[in-house]
Number of protein chains: 2
Amino acid sequence: MTTINDIAKMANVSRTTVSRVFNNGYVSEDVRKRIMKIVEETGYTPSLSAKSLRTKKSGVIGVILPKISTETASRVVSGINEVVAKENFQILLTDTELQKEKEIEYIRLLKSRHVDGIILLATNINADLIKAITAADLPFISIGQDLPGVTSILYDDYHAASDVTNLLITHQHTKIAFIGVGEEDPSVGRQRKMGYLDTLAKFNLPIKEEWIEEGDFSIESGYECTKKIIKNSGTDLPSAIFAVTDRMAIGAMEYLREQGFSIPKDMAVAGIGASTMSKYLTPSLTTVDYFNKEAGEKAARHLLAQMIQKKDKEKFTQTYRLIKRDSV
Amino acid sequence: MTTINDIAKMANVSRTTVSRVFNNGYVSEDVRKRIMKIVEETGYTPSLSAKSLRTKKSGVIGVILPKISTETASRVVSGINEVVAKENFQILLTDTELQKEKEIEYIRLLKSRHVDGIILLATNINADLIKAITAADLPFISIGQDLPGVTSILYDDYHAASDVTNLLITHQHTKIAFIGVGEEDPSVGRQRKMGYLDTLAKFNLPIKEEWIEEGDFSIESGYECTKKIIKNSGTDLPSAIFAVTDRMAIGAMEYLREQGFSIPKDMAVAGIGASTMSKYLTPSLTTVDYFNKEAGEKAARHLLAQMIQKKDKEKFTQTYRLIKRDSV
DNA sequence: AACATGTGTGGAATCGATTACATGTCCTTT
DNA sequence: AAAGGACATGTAATCGATTCCACACATGTT
């Protein structure tokens, strides 16, 4: 491996001069050319570990995901990457596989790797997490969860869920079932459920325990929850099912189809997430587009801004778009 | 930021000893405890830039993707991550956005970041690329393309495509249209097309130019290609369409549905990729599962093995599974 | 008793860059 | 003609770790 010293020796200059070639200081045209020629020939690239050690900047930003292989996550990462790549940053990816201790572990790890900033897609909020973030003392952005004291890019879960519920109501549905997720997830678990419950309450519609189930984001869980809802409802069946994610909604549709329900005639279905799939299902799925990629871009831009100068912690709420399709 | 020197001073030992605590050398129980206590209190974590500079190892492996937000890519990354995370490696992600010069650029970049190895999902093969890989002189794995002189995890594109074509033929189809991609992609572009063409030839079935179109992986291109095929075929319509990716197959189905074709009665459709979606479409899509995640895992394992000891360059061909569903 | 061996610790070089400071030219300006 | 500034280059300290070598001490071996 060639180093700056090798180049310096070959070009008969000090390594300072070589360094200056790469960091635009005063270097005469002659010398610059001579050095560049040697650089080309040897294929020398400066060691970024050394540079990072010296400058305390790595040109890397850390991203912590709950799970890589979901459409939401990959869209967000794609948005982040698009923005940071332009500024010659790379992404160091970590995946918690939904274990929340790992979020904290990875924050520490990324810190010791001298990343210049961190973007976290959190799935929960707890005191240790906040403490770890504060301790890291790095530019930090949270996407999807409102972490106190941390700049956050938020989805409007409450209103999105309200709107979906509302849409179902305007389509004459009065018996609306709900498939949610655990409430340790404040955004997807709590906010979306609140939106659902409050809207029902507002219209004086029945809230029945038998119509409310809790899944785990997976298609299968949507399927199982729907089965339970149908089973437990006896003769008082709901006429619509609102699942808080598209995947669970797809599971619901699957079960309903198997049981011979016609969608939306016998049972309407709606989700959230605007998965690619939602558009091509039969019937196409009513859902909410959260603009994940844009959220990633925005997060990246704010992170870069924070790296240049300290900013006050802010909260940004993304817009969303209700997509009415044939499943309702 | 606390450093090893701070810890050493606070514990009244030399920094050598502190280092030894983390790298299991001789340290007495007493001293070890004293140091660990201070480490806990200060939240000290060793600077990995410094460590990497000194040891020439970074604990990072570089991954070069053509596009992050595709199901294939995210599955592969997920597989890679699962394996390397266990060994405490992280992934440095780069996305070429389908520009092939960037593959080379990123190889250099990853090299200068001292990654311990690189996994590339290539979309093409060219001499410069091979040269860059050789020059990098790092443990290297290619997934999906057979790069000469590079350990490669390959999909069996030729036989997969043959099998799909065969399946269509056993279902009495004699007029089979084809939606491919550009041939600068040897695997998806060439091999799959060869599988299709050779199988038709084997059965003495007609190969008509009007039935062959070239898309660009997108759903929209599948839609457009199908439109062209239908338009250009006049009265001699094919009875089946084989698209080399699920997304293009979905576009095909979309167009056919719009035009009132019944699938598979009027026109059968098949894809490759086993996208999540394929299972939930109506009708469900016949496709080929490439086990992308397993490919990622395998790539990661081979990379780790190469990092421990130099290995001969090998070629591994993944198995695949033809999934016969209702669209055929 | 002399010597080898195992254990525990510190000193100092080293990895490959950046950068503050010093030095030396050569012009321009007053 | 002296001074000041712009330009060009070099010297050496520094970033935070690892690691070779040396040394000290305790214990075991012959």
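This structure is a prediction, so every number in the text was calculated from the model and none was measured. Quick note on labels: first sequence line is chain A, next is B, and so on, each numbered from 1. For the numbers below, each heavy atom of this structure counts, side chains included, while hydrogens, waters and symmetry mates do not.
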Contact string for nucleotides 4-9 of chain C, one letter per nucleotide 5' to 3', B = base within protein heavy-atom range under 4.0 Å, S = sugar-phosphate only, - = neither, reads ---SBB
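For the pairing with B:Leu303, the side chain to side chain contact (heavy atoms under 4.5 Å, CB included) check across B:Leu138, B:Ile118, B:Val83, B:Ile119 returns one residue only, B:Ile119. Checked options B:Ile68, B:Ile64, B:Asn81; the residue passing with B:Leu93 is B:Ile68 (criterion: side chain to side chain contact (heavy atoms under 4.5 Å, CB included)). Remark: of the listed residues B:Val21, B:Thr16, B:Asn23, B:Thr17, B:Asn23 is the sole one forming a side chain to side chain contact (heavy atoms under 4.5 Å, CB included) with B:Ser19.
Side chains of B:Ser28 and B:Asp30: a donor-acceptor N/O pair is absent below 3.5 angstrom, by distance only.
With hydrogens and angles disregarded, no donor-acceptor distance shorter than 3.5 Å links the side chain of B:Arg20 to the backbone of B:Val27. Looking at B:Lys51, its side chain never comes within 3.5 Å of a backbone N or O of B:Lys56 through a donor-acceptor pair. Proximity of a side-chain donor or acceptor of A:Gln318 to a complementary backbone N or O of A:Ile153 within less than 3.5 Å is not detected. A donor-acceptor contact shorter than 3.5 Å is absent between the side chain of B:Ser49 and the backbone of A:Arg113. Counting only distance, with no hydrogens or angles, the side chain of B:Thr96 and the backbone of B:Leu65 share a donor-acceptor pair below 3.5 Å. For the pair B:Asp116 (side chain) and B:Ile61 (backbone), a donor-acceptor distance under 3.5 Å is absent.
One finds a salt bridge joining B:Glu41 and B:Lys37 here, because a Lys/Arg side-chain nitrogen approaches an Asp/Glu carboxylate oxygen to under 4.0 Å.
B:Asn5 has its CG atom 12 Å from the P atom of C:dG11, to the nearest Å. Rounded to an integer number of Å, the gap from A:Asp6 CG to C:dT14 P is 15 Å.
Applying a 4.0 Å cut-off to non-hydrogen atoms, the residues of residues 53-61 of chain B that approach DNA chain D are B:Leu53, B:Arg54, B:Thr55, listed by residue number.
At most 12 non-hydrogen atoms from other residues, nucleotides or ligands lie less than 6.0 angstrom from NZ of B:Lys9.
Chain A approaches DNA chain D within less than 4.0 angstrom (heavy atoms of the protein), and the contacting nucleotides run 5' to 3' from D:dC7 to D:dG16.
A:Phe22 comes within contact range of no nucleotide atom at all, as no heavy-atom separation falls under 4.0 Å.
Atom OG of residue B:Ser187 and atom CG of residue B:Asp146 lie 7.5 Å apart, to the nearest 0.5 angstrom. Rounding to the nearest 0.5 Å places OG of A:Ser152 at 5.0 Å from CG of A:Leu147.
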Write out a two-atom table: protein N or O, nucleotide N or O from nucleotides 26-28 of chain C, distance below 3.5 Å.
none

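Judged as a salt bridge (Lys or Arg N to Asp or Glu O under 4.0 Å), the pairs with a partner in residues 73-95 of chain B (not counting sequence neighbours) are, in order, B:Glu71-B:Arg75, B:Glu82-B:Lys293.
Between the side chain of A:Thr16 and the base of C:dT18, no donor-acceptor pair under 3.5 Å is found.
For B:Arg15 and A:Thr3, each mapped to the nucleotide of DNA chain C holding its nearest heavy atom, the one lying further toward the 5' end belongs to B:Arg15.
Bending across the helix from C:dA1-D:dT30 to C:dT30-D:dA1, expressed as the angle between its end axes from five pairs apiece, amounts to 40° (10° rounding).
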